[in-house]
Amino acid sequence: MNIHEYQGKAILKSFGVRIQEGIVAETPEQAVEAAKQLKADFNSDWVVVKAQIHAGGRGKGGGVKLAKNLDEVKQRASDIIGMQLVTPQTGPEGKKVGKVLIAQDVYYPGESETKEIYMSVLLDRAKGRNIIMYSTEGGMDIEEVAEKTPELIFKEEIDPKVGLQGFQARKIAFNLGLTGEANKEMVKFVAALYKAYDTTDSSMFEINPVLKTSDNKILAVDAKVDLDENALYRHKDYLEMRDFAEEDPTEVEAGKSNLNYVKLDGNVGCMVNGAGLAMATMDIIKIAGGEPANFLDVGGTANAETVKAGFNIILQDPNVKAILINIFGGIVRCDRVAQGVIDAYKEIGNIPVPIIVRLQGTNAEEAKKLIDESGLKVFSAIQLKEAADLVTKVLS
Ligand code: GDP
Ligand code: MN
């Protein structure tokens, strides 16, 4: 589950990670109040107005702006709130900004230079371990750094048996070229960051940039946090951080009916019971020359209710030209599922695309008979290959 920068920073702060302080605002007036509060609490004259959307590259898209007085705060906030922000990560349609974070300006001049560092903690699936990835080349596109100068990206592997060790945090601070007070601060920063990642069962914490300020403090200026959804039952207080406005509306609706749906770009809708079978179905559609429009696992109970919900979700996608239903009947008997498909079809009424149903397992023959005799625009098959070929046939 992705969360906003301001929420990620709140989590970081609760683990003792120093952050660029800020207050979230939904209107220009609230933004001005937030700026006054930051002045009172942290004596920051300048602030940055930062669009809160679930995508990076906001700076490049005009979603991060410096404001040097309260008039500018109001102006920038009213420009950014409600805008359709396009960044390299949003796609051309962009994302609508609902909130801004008013944050203290931390790039103030001082006795030493500010320095932008890249740091992330994530799971390396190949190694089966958490790693801390870091680089002196922070602030900019880390993908570009990885491509052009991979030698500037360091990785530190964490042994799950002992966790992050002190020497590792010191090595990171050293490799980043930090000395004196900044070095000590970085050691503390790394330890607190790792603790936050580990304790919250996250799959990613990406801080870009981590800033070394001109007075040698180390703080998180940005926070891209991905909390592992499967572990959220252990962190119920984070559930309310979910922002449905940032998610695909069809996927949200599917979730409400307990359907596991992921939208894809093809034209063959599929409805399957079981995630593994769903993946196999998508493969066979491709082998037969089609392109799946979605992944949809209706789970163990493929009855008229779930099939109907499945149809409704799939049919919201205008690209869908045919639907392949692939059900393995074990405990749910195939004839029950077939009846469910027929009932759902009749209830929805006019389904504008052909439907191919492949039912295999208990009572498959009876199920095929039911479908064939239903008089609906539904084609039946028992073999998966046969079903996939039927799909390509109805599409051509
Ligand atoms: P992103 O573009 O979505 O990754 O958003 P960031 O939070 O990383 O901010 C983008 C850029 O805005 C940073 O790399 C900085 O250059 C700039 N920025 C962020 N905070 C401040 C600040 O306090 N003062 C100034 N002058 N610039 C800032
Ligand atoms: Mn950033």
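If you read the sequence from its start, that first residue is 1, and numbering goes on from there. Just so you know, ligand 1 is whichever comes first in the structure, and atom 1 is the first atom listed for that ligand.
At under 3.5 Å, not a single nitrogen or oxygen of K60, backbone or side chain, sits near a nitrogen or oxygen of ligand 1. Here's the thing with P209: none of its N/O atoms is less than 3.5 angstrom from an N/O atom of ligand 1. On a distance-only criterion, G57 and ligand 1 share at least one N/O pair closer than 3.5 Å. Polar contact check, Q20 against ligand 1: a nitrogen or oxygen pair lies under 3.5 Å apart. For ligand 1, one of its N or O atoms has an N or O atom of V106 under 3.5 Å away.
Close approach of ligand 1 to R58 (heavy-atom distance below 4.0 Å) involves ligand atoms 1 (P), 2 (O), 3 (O), 5 (O), 6 (P), 7 (O). Distances below 4.0 Å separate heavy atoms of G56 from the following atoms of ligand 1: 3 (O). Set against the non-hydrogen atoms of G59, the atoms of ligand 1 under 4.0 Å away are 1 (P), 2 (O). Using a 4.0 Å cut-off to heavy atoms of E116, the atoms of ligand 1 that qualify are 13 (C), 14 (O), 15 (C), 16 (O). Counting atoms of ligand 1 from 1 in the listed order, those under 4.0 Å from a heavy atom of D105 are 22 (C), 23 (O), 24 (N), 25 (C), 26 (N).
Here the side chains of N319 and D265 are not in contact, with every heavy-atom distance at 4.5 Å or above. Counting only heavy atoms from C-beta outward, the side chains of Y107 and V48 never approach each other to under 4.5 Å. At a threshold of 4.5 Å between non-hydrogen side-chain atoms, the residues M133 and I153 count as touching.
The Mn ion (ligand 2) lies closest to atom OD2 when only the N/O/S atoms of D222 are considered.
Across S214 and T114, no two heavy atoms sit closer than the pair N-CG2, 3.7 Å. The minimum heavy-atom distance linking H54 with N2 is given by the pair CE1-O, 3.1 Å. Across all their heavy atoms, L176 and I117 have their closest contact at CD2-CG2, 3.7 Å. Nearest heavy-atom pair, D159 versus K161, reported as atom, atom and distance to 0.1 Å: OD1-N, 2.9 Å.
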Output, in order, the C-alpha distance, side-chain angles, deciding distance and verdict of salt bridge (Lys or Arg N to Asp or Glu O under 4.0 Å) for K212 and E185.
-> CA-CA 9 Å; K212 183 198 83 68; E185 282 261 325; over 6 Å; no

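Atom 18 (N) of ligand 1 has its closest protein heavy atom at Y107 CE1, 3.9 Å. Atom 19 (C) of ligand 1 has V221 CG1, 3.7 Å as its closest protein atom, hydrogens excluded (heavy atom only). Counting only heavy atoms of the protein, atom 7 (O) of ligand 1 lies nearest to K50 NZ, 2.7 Å. Scanning the protein for heavy atoms near atom 4 (O) of ligand 1, the closest one is D222 OD2, 3.1 Å.
Under 4.0 Å from ligand 1, not a single heavy atom of T87 appears.
A side-chain donor-acceptor contact under 3.5 Å links D243 and H4. Side-chain contact check for D71 and Q75: no donor-acceptor pair (N or O, by modelled atom type) lies under 3.5 Å.
Salt-bridge annotation for D45 and K39: present, with a side-chain N of the basic residue lying under 4.0 Å from a carboxylate O of the acidic one.
Taking 4.0 Å as the cut-off, Q104 counts as a neighbour of ligand 1 on heavy-atom distance.
In this structure, Y134 and F154 have parallel ring planes: the angle between them is below the 30° cut-off, well short of the 60° mark.
Closest heavy-atom approach to atom 17 (C) of ligand 1 within the set I207, T114, V64: this belongs to V64.
Of the protein's heavy atoms, at least one falls inside 4.0 Å of atom 21 (C) of ligand 1.
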